[in-house]
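A short write-up of the structure that comes next.
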Amino acid sequence: MRKSIKLTILFLLASLMAVAPLRAQRHIIVSAAYVEDGDTILLGNLREVKVSPYTSLLTPQEIRKNQKLIRNIKKMLPYAQMGKRELDALEAQLANLPKKKQKEIIKAKEKEMLDRYTDELKKCTISQGMVLLKLIDRETGKTSYTIVNELRGKLRAGFYQTFARLFGYNLKSGFDPRHSKQDDLINRICIMVENGRL
């Protein structure tokens with residue numbers, strides 16, 4: 001009996017000793033490093049972490065209460081982001097051109113954008129249009145009035161503002177989440193949509 005126990009223990013020890021080098025090899029991690037003043041500093045890549053100024057973006061009650069606004073933002077945010085990309089590309093294209101050439105390019109771009117998006121945006125509701133104006137300001141840092149004023153001039157911007165006022169819009173209304181509760185709510189919803197949490 002004692003002999004069989006000793007043999008079993010010996011067998012277990014031998015098998016553990018045989019497996020130990022394999023275990024040690026599995027835990028070896030090869031990393032890039034550099035030595036600075038005698039200290040070895042490992043280099044590695046960390047995954048991106050998004051930091052939000054809000055501890056809790058939206059409560060479940062806020063989500064239930066603002067379903068329509070959330071739907072409108074989800075629908076209009078891609079248009080605002082596309083507008084930002086188009087505006088950045090246009091400003092880069094106009095950078096070193098003479099005024100006459102700039103006006104030609106701006107008119108052609110306006111016609112192209114109207115042809116491409118008029119049918120889609122005609123289907124939008126008034127509340128979606130108001131959200132779009134806020135989102136454009138959020139994305140570009142400029143009100144819609146300012147953008148039109150810079151690109152097409154004060155007369156065209158005034159015409160668009162007057163026309164927009166007939167439908168209840170205000171192209172001069174800015175986006176200020178620090179001082180407006182509605183803008184703060186829009187901003188929090190946008191952050192959640194952009195992060196895939198809504």
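Note that the structure is predicted; figures quoted are calculated from it, not measured.
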Count I, L, V, M, F, W, Y as connected when their side-chain heavy atoms are under 4.5 Å apart, and connections chain through other members. Are [X] and [Y] then in the same cluster?
X: Tyr145; Y: Ile106; answer: no
X: Ile191; Y: Ile189; answer: yes
X: Leu166; Y: Ile126; answer: yes
X: Leu77; Y: Leu58; answer: yes
X: Leu69; Y: Phe175; answer: yes

Donor-acceptor pair, Ser173 side chain versus Asn170 backbone, under 3.5 Å? yes
Taking Ala80's backbone N and O only, do any of them form a donor-acceptor pair with Glu139's side chain (distance below 3.5 Å, no angle check)?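 No.
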If you look at every heavy atom in Phe163 and Phe167, which pair is closest and at what distance?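 Closest heavy-atom pair between Phe163 and Phe167: O-CD1, 3.4 Å.
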In short, Ala157 meets Val148 closest at the heavy-atom pair CA-CG1, 3.6 Å
Tell me, which pairs form a salt bridge (charged side-chain N to carboxylate O under 4.0 Å, His left out) where one or both residues lie in residues 149-159, sequence neighbours left out? Glu110-Arg152, Glu110-Arg156, Lys142-Glu150
Quiz question: by atom type and distance under 3.5 Å, do the side chains of Glu120 and Tyr79 form a donor-acceptor pair?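 There is such a pair between these side chains.
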Could you tell me the separation between the [atom1] atom of [X] and the [atom2] atom of [Y], rounded to the nearest 0.5 Å?
X: Arg85; Y: Leu90; atom1: CZ; atom2: CG; result: 14.5 Å
X: Ile186; Y: Ser180; atom1: CD1; atom2: OG; result: 7.5 Å
X: Arg188; Y: Asp184; atom1: CZ; atom2: CG; result: 4.5 Å

Is there a side-chain contact between [X] and [Y] in this structure, where contact means two heavy atoms from C-beta onward sitting under 4.5 Å apart?
X: Glu91; Y: Asp88; value: yes
X: Ile70; Y: Met192; value: no
X: Thr146; Y: Thr143; value: yes
X: Asp137; Y: Ser144; value: no
X: Glu62; Y: Thr59; value: yes
X: Gln61; Y: Arg64; value: yes
X: Arg165; Y: Thr162; value: no

For the pair Asp39 and Glu36, evaluate side-chain contact (heavy atoms from CB on, under 4.5 Å) and give the outcome as yes or no after the intermediate values. CA-CA 5 Å; Asp39 288 332; Glu36 184 176 306; 5.6 Å; no
Could you give all pairs that pass the side-chain hydrogen bond (donor to acceptor under 3.5 Å, both in side chains) test and reach residues 95-108, with sequence neighbours left out? none
List the steps, then state whether side-chain contact (heavy atoms from CB on, under 4.5 Å) holds for Val35 with Ile41. CA-CA 6 Å; Val35 178; Ile41 301 171; over 6 Å; no
Taking side-chain contact (heavy atoms from CB on, under 4.5 Å) as the definition, give me every residue that meets it alongside Glu86, ordered by chain and number, with sequence neighbours left out. Met82, Lys109, Met113, Arg116
Go through the structure and list residues passing side-chain contact (heavy atoms from CB on, under 4.5 Å) with Leu155, not counting sequence neighbours.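 With sequence neighbours excluded, Leu155 shows a side-chain contact (heavy atoms from CB on, under 4.5 Å) to no residue whatsoever.
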One pair to check against side-chain contact (heavy atoms from CB on, under 4.5 Å): Asn187 and Arg178. What are the steps and the verdict? CA-CA 10 Å; Asn187 194 45; Arg178 289 186 182 176; over 6 Å; no
Tell me which donor-acceptor pairs under 3.5 Å the side chains of residues 127-136 have, and how far apart each pair is, sequence neighbours excluded?
from, atom 1, to, atom 2, distance (Å)
Ser127, OG, Asn72, ND2, 3.3
Ser127, OG, Thr125, OG1, 3.2
Gln128, OE1, Thr125, N, 3.0
Gln128, NE2, Asn72, OD1, 3.2
Lys134, NZ, Gly174, O, 2.8
Lys134, NZ, Asp183, OD1, 3.2
Lys134, NZ, Asp183, OD2, 3.4

State which residues pass ring pair (Phe, Tyr, Trp, His ring centres under 6.0 Å) with Tyr117; sequence neighbours excluded, sorted by chain then number.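 With sequence neighbours excluded, Tyr117 shows a ring pair (Phe, Tyr, Trp, His ring centres under 6.0 Å) to no residue whatsoever.
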